[in-house]
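Along the sequence shown, residues are numbered consecutively beginning with 1. Just so you know, these numbers come straight off a predicted model, no measurement behind them.
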Amino acid sequence: MENATLRKGTAVCDLPKNYDPQTVEPQLVEAWINGGCYQRNKGVGDCTVVIPPPNVTGVLHMGHAMDDTIQDAFIRYNRMKGVSTRWIVGLDHSGISTQTKVDKKLKSEGISRLELGREKFIDACWDWTRDYGGTIIKQIKRMGCSADFSDEQFTMSPEFSYAVRKVFCDWYHAGLVYRGKRIVNWCPSCTTAISDDEAEYKTEKGHLWYLRYPLKEPVDGKDYIVVATTRPETMLGDTGIAVSQDDPESSKFVGATVVLPIVGREIPIFSDWHVDAGFGTGFVKVTPAHDPNDFAMGEAHGLEKINIFDEHARVVDGYGDFSGMDRDEARTAILAWFEDHDLLDHVEDHEHSVMHCYRCDTTLEPWLSEQWFVAVDKLKGPATDAVTSGAITFHPTRWEQTYLTWMDNVKDWCISRQLWWGHRIPVFTCQDCGWEDASMDDVEVCPKCGSHHVVQDPSVLDTWFSSQLFPFATQGWPQHPEEMEGHYPTKALVTARDIIALWVARMVMSSLYFTDQIPFEDVVIYATILAKDGSRMSKSKGNGVDPMDLMAKYGADAMRHNLLTLITNNQDVRFDAEFDKKTGEFAGSPRTEQARGFVTKIWNASRFVLMNLEGYEPGQPTAATAEDAWMLSRLAKIVDSTTRALDEYRFGDYARDLQAFFWNDFCDWYVELCKGRLNSDDSQVRLAAQRNLVYTLDVSLRLLHPGMPFVTETIWDALPASGLDLYEAADKPSLKPAHEGRFLMMSLWPDPSLVAEFMNDEAEADFDIAKRLISGLRSIRARYRLSPREAVDVVVKAAPQESARLEAQRDFISKVGFVTSLTVGEHVEKPGSSVSLVDPDFEAYVQLEGLIDFGAEGKRLEKEIKKATGELAGIEKTLSNPGFIAKAAPEIIEAKQTRKAELEATLSRLAAQLEDLSE
């Protein structure tokens with residue numbers, strides 16, 4: 001890299017013929033980091049962004065790649081605008097995930113966690129974190145993400161741990177944290193509580209078992225009632241039977257007593273609003289220790305709460321042969337007992353939603369357990385107001401309702417986890433006098449009675465409890481709050497929709513409580529990336545894509561650009577990954593291949609410009625020709641629209657519009673039109689074209705840089721100074737970049753005000769109509785298999801204003817469009833032996849007499865129509881076959897439907913051509 005304020009170029013192109021991302025990209029990452037480019041820079045305003053901290057043991061997946069690409073594009077854009085930027089990167093200690101991995105490692109070595117003990121196990125977790133953690137950080141670096149890696153954060157660091165402890169202690173002493181015995185979602189495999197928001201619901205095909213429960217005394221001539229249940233194994237813990245308050249038929253049983261089978265426990269029948277009269281028989285078994293609704297009914301009606309399972313979901317002692325059985329074994333044995341005793345009434349198929357652990361996929365057990373909770377009701381009001389008032393804005397705005405709905409229905413948050421790895425709950429209890437308190441310091445001697453028998457709560461805090469502090473605990477709070485000045489609240493949070501409740505809402509609540517400020521101004525929710533068939537990506541399914549494979553095959557720029565172009569306002573996007581049928585390995589992605597094609601287009605167009613700069617001297621661009629005025633106006637407008645798109649978090653529009661401009665307007669048209677002037681004998685004509693090309697390329701590279709940093713940085717380093725460089729270096733301190741000259745990522749963003757003078761609607765309209773006519777002539781030549789340079793006579797029918805525009809471009813149309821004779825008028829007639837070209841602003845007739853055989857061409861078209869009609873009929877027959885639709889794979893059906901649409905469009909086009917020829 002040159003270290004000069006103004007870059008200097010020569011007539012010799014320094015760029016190799018082919019661009020090699022695998023060589024260039026790692027070298028540039030090292031150069032940027034060594035150059036201090038990623039560190040916080042001084043500027044006007046502030047753009048601080050916190051990365052959603054990935055798991056310390058995690059690896060990059062497509063969701064991360066999308067998230068990090070968006071964040072990096074936003075950071076690079078703001079850095080180039082001269083804004084003070086800081087992208088805070090860090091890792092989450094991930095309690096359950098890390099503990100599970102270390103557990104497996106120890107078991108493979110024949111070591112039991114319980115035998116090892118808590119302290120040595122935590123040491124093993126730290127060893128694991130040091131040895132295997134942080135892989136994802138290296139992968140994020142490889143993507144070109146310009147986070148400040150010199151200031152990496154970790155949720156288990158001493159400073160962060162201090163912040164976590166303070167939050168717990170403050171909330172404890174304010175009555176916002178309490179201990180209670182409540183129903184929690186318990187994972188028997190991870191042996192810990194899981195919050196409601198972390199439970200994953202899956203629809204499963206099961207059964208509804210109808211069990212007969214004998215009445216102690218007959219009611220209305222009946223000796224028993226029938227209850228319907230999806231979980232017969234929990235009947236051992238039943239302590240009541242409930243009926244609907246709106247069911248007169250079953251209400252006559254209220255007050256009666258049932259003798260619980262197997263156990264012999266006498267339990268009452270009562271009415272409650274929780275019961276749906278339409279479910280089952282109207283009688284519902286109530287197990288307060290194993291269902292949240294049952295727990296609520298148990299509280300209301302004073303029922304005993306009997307926990308029949310231990311932490312591994314095995315039946316506890318006291319239930320005879322059933323004790324020691326796991327849930328599935330208990331279900332089978334209990335149903336057999338009911339059948340043997342003629343108490344199994346009947347069984348129905350039943351599809352229902354079942355909660356699973358988000359980590360290990362084990363079916364969760366609603367389990368009565370003593371846990372720590374946050375009283376969310378006392379925190380949610382200000383957090384709701386922050387969004388309804390507009391202080392925090394969601395992008396897209398529809399996600400605001402998801403946030404508010406969760407706030408309306410939020411329950412107290414279970415924050416304790418029965419793990420060893422994590423932030424241990426700082427509550428200390430005296431075993432002698434019962435004293436209890438939360439403390440910032442460890443307590444060894446009871447302050448009340450002087451006893452040394454003081455123990456700390458064995459549980460740790462939910463990982464989300466610590467990560468909720470990420471926006472401010474990473475910036476010095478609470479020990480050095482001065483570090484937050486000017487950088488808090490942060491600018492934007494980019495994240496996935498599935499953690500709006502788990503993380504976004506909790507960050508807002510904690511930030512408002514402890515800092516009196518919102519944590520961020522904007523929340524950007526990106527689309528979920530699905531597999532090609534619309535299912536969730538998963539390695540186990542064989543449809544997961546590793547971003548590292550994408551970068552290895554196509555380069556980081558291609559992957560990043562493709563991901564940005566996928567972004568729309570839709571909820572989900574499908575990724576077109578293809579896999580080898582034999583090996584199951586990733587084989588490619590056509591869209592990412594196209595994105596690599598765009599990288600190549602940028603490279604080749606830039607090389608052409610650099611190879612034609614003999615005699616070049618820096619200077620301002622000029623609109624010397626119609627195409628110059630058109631190009632500079634189009635450039636000014638893309639600067640304006642690109643800037644607005646990034647300011648409004650419309651990253652998809654940003655990427656798609658830039659590609660269309662650079663590929664179509666700049667490469668396909670302007671560069672081509674400049675070739676003649678670059679070969680001119682007039683040095684001033686040549687210099688004007690050179691300056692315009694360098695200027696347009698320079699501005700384009702700056703605009704492209706946030707999404708495609710590597711190829712743009714490489715080209716820009718070889719590009720000589722342009723008019724924008726001259727402006728940047730002028731004596732205008734407020735417009736100078738944060739750092740002078742060395743890297744593109746530190747250069748000036750082309751502010752719309754700098755190029756506004758080039759906007760020229762008239763020039764664009766004049767050139768555009770001529771461009772559309774020339775494009776149409778090229779299509780007609782291709783359609784009738786003529787040479788691209790075949791000269792033709794053209795008659796154009798257009799209104800006076802459009803006719804005038806075309807007349808003004810006569811020389812340009814004739815030269816570039818290879819038109820021998822051009823007739824333009826409002827009342828011209830279609831000549832014989834011509835074909836039509838229809839445009840919203842004109843109708844052109846291209847004379848083809850002597851160039852094609854009209855009779856033979858008509859026969860060819862009829863033959864193509866017949867062939868396409870036959871293929872279409874076959875596809876329509878296939879798609880109308882119910883058997884095919886029922887058995888064929890979704891992707892095959894989709895391919896057939898796509899081909900059907902293609903054939904219909906082809907037939908429409910061929911019919912129009914045939915009709916045109918017949919005229």
Side-chain angles (χ1 to χ4, degrees), residues 50-65 67-68 88-107 113 118 121-140 147 152-161 163-165 167-168 185 187 189-200 356-362 364 413-425 459-471 473-474 495-496 498-499 501-504 506-507 510 538-539 544:
V50 293
I51 187 174
N55 292 343
V56 67
T57 56
V59 294
L60 198 68
H61 59 60
M62 290 307 296
H64 290 132
D67 194 336
D68 297 337
I88 301 172
V89 66
L91 293 166
D92 190 288
H93 62 278
S94 183
I96 295 177
S97 177
T98 301
Q99 177 154 324
T100 299
K101 289 179 182 294
V102 176
D103 253 337
K104 288 181 179 179
K105 178 177 181 293
L106 292 174
K107 286 179 181 177
R113 170 169 61 91
R118 183 169 192 141
F121 179 79
I122 292 173
D123 289 341
C125 288
W126 277 109
D127 290 340
W128 174 273
T129 299
R130 283 187 285 266
D131 292 343
Y132 299 99
T135 297
I136 193 170
I137 294 293
K138 297 174 185 175
Q139 295 174 332
I140 291 170
E152 186 180 315
Q153 304 289 321
F154 183 42
T155 54
M156 285 287 282
S157 70
E159 297 81 8
F160 205 104
S161 296
V164 172
R165 193 155 181 167
V167 168
F168 183 94
N185 301 313
C187 177
S189 178
C190 298
T191 60
T192 183
I194 302 293
S195 75
D196 292 343
D197 300 307
E198 291 172 309
E200 292 184 350
H356 288 254
C357 176
Y358 77 111
R359 283 297 177 196
C360 67
D361 200 38
T362 300
L364 294 177
W413 173 18
C414 176
I415 57 172
S416 47
R417 299 291 180 266
Q418 286 60 55
L419 305 170
W420 287 353
W421 173 245
H423 298 101
R424 191 167 177 181
I425 291 176
S459 297
V460 300
L461 289 164
D462 176 15
T463 298
W464 295 106
F465 187 91
S466 50
S467 61
Q468 70 173 323
L469 316 181
F470 208 73
T474 55
T495 191
D498 54 0
I499 57 173
L502 285 167
W503 194 44
V504 178
R506 291 167 179 170
M507 283 190 285
S510 61
S538 168
K539 286 186 178 180

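Taking CH2 from Trp503 and OG1 from Thr463, the interatomic distance works out to 13.0 Å, rounded to the nearest 0.5 Å. Here CD1 of Ile415 is found 11.0 Å from OG of Ser466. Values are rounded to the nearest 0.5 Å. The distance from the CG atom of Leu106 to the CZ atom of Arg113 is 9.5 Å, given to the nearest 0.5 Å. Taken to the nearest 0.5 Å, the CG atom of Leu419 stands 10.5 Å off from the CG atom of Leu461. Here the straight-line distance linking atom CG of Leu469 with atom CZ of Arg506 works out to 12.0 Å at 0.5 Å rounding. In this structure, the separation between OG1 on Thr191 and CG on Asp103 is 8.0 Å, given to the nearest 0.5 Å.
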Query raised in the report: Between Trp421 and Val460, is a side chain to side chain contact (heavy atoms under 4.5 Å, CB included) present by the stated rule, with each step listed?
Result: CA-CA 7 Å; Trp421 173 245; Val460 300; over 6 Å; no
Query raised in the report: Going through the distances and angles, do Arg424 and Arg118 end up as a side chain to side chain contact (heavy atoms under 4.5 Å, CB included)?
Result: CA-CA 11 Å; Arg424 191 167 177 181; Arg118 183 169 192 141; 3.5 Å; yes
Requested in this report: Determine, step by step, whether Asp498 and Leu502 satisfy the side chain to side chain contact (heavy atoms under 4.5 Å, CB included) criterion, reporting the C-alpha distance in whole Å, the side-chain angles of both residues, the deciding distance to 0.1 Å, and the verdict.
Outcome: CA-CA 8 Å; Asp498 54 0; Leu502 285 167; over 6 Å; no
Report task. Kindly indicate, with the supporting measurements, whether the criterion side chain to side chain contact (heavy atoms under 4.5 Å, CB included) is fulfilled by Asp92 and Phe470. Result -> CA-CA 10 Å; Asp92 190 288; Phe470 208 73; over 6 Å; no
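Between Cys357 and Ser189 the shortest side-chain heavy-atom distance does not fall below 4.5 Å. With contacts defined as side-chain heavy-atom distances shorter than 4.5 Å, the pair Thr98/His93 does not qualify. When side chains are defined from C-beta on, Leu91 does not count as touching Pro53, because their heavy atoms never get closer than 4.5 Å.
Between Ser459 and Ser416, the shortest heavy-atom contact is CB-CB, 4.2 Å. Nearest heavy-atom pair, Ala193 versus Gln418, reported as atom, atom and distance to 0.1 Å: N-OE1, 3.2 Å. Of all non-hydrogen atoms in Pro471 and Gln468, the two that sit nearest each other are CD-O, 3.8 Å. Shown here for Ser467 and Met507, the closest heavy-atom pair between the two residues is O-CG, 4.2 Å. The two residues Pro54 and Ile136 have their closest heavy-atom pair at CB-CD1, 3.5 Å. The minimum heavy-atom distance linking Leu60 with Ala65 is given by the pair CD1-N, 4.3 Å.
Remark: of the listed residues Ile88, Ile140, Thr495, Ile140 is the sole one forming a side-chain contact (heavy atoms from CB on, under 4.5 Å) with Ile51. Of the options Trp128, Tyr132, Trp126, a side-chain contact (heavy atoms from CB on, under 4.5 Å) to Arg130 is made by Trp126 and by none of the others.
Remark: side-chain polar atoms of His423 are paired, donor with acceptor, to backbone N or O of Thr155 under 3.5 angstrom.
Taking the six-membered ring for Trp and thresholds of 30 and 60 degrees, Trp420 and Phe121 have ring planes more than 60 degrees apart, a perpendicular arrangement.
Under the rule for a ring-ring contact (aromatic ring centres under 6.0 Å, His included), His356 has no partner lying at least two apart in sequence or in another chain.
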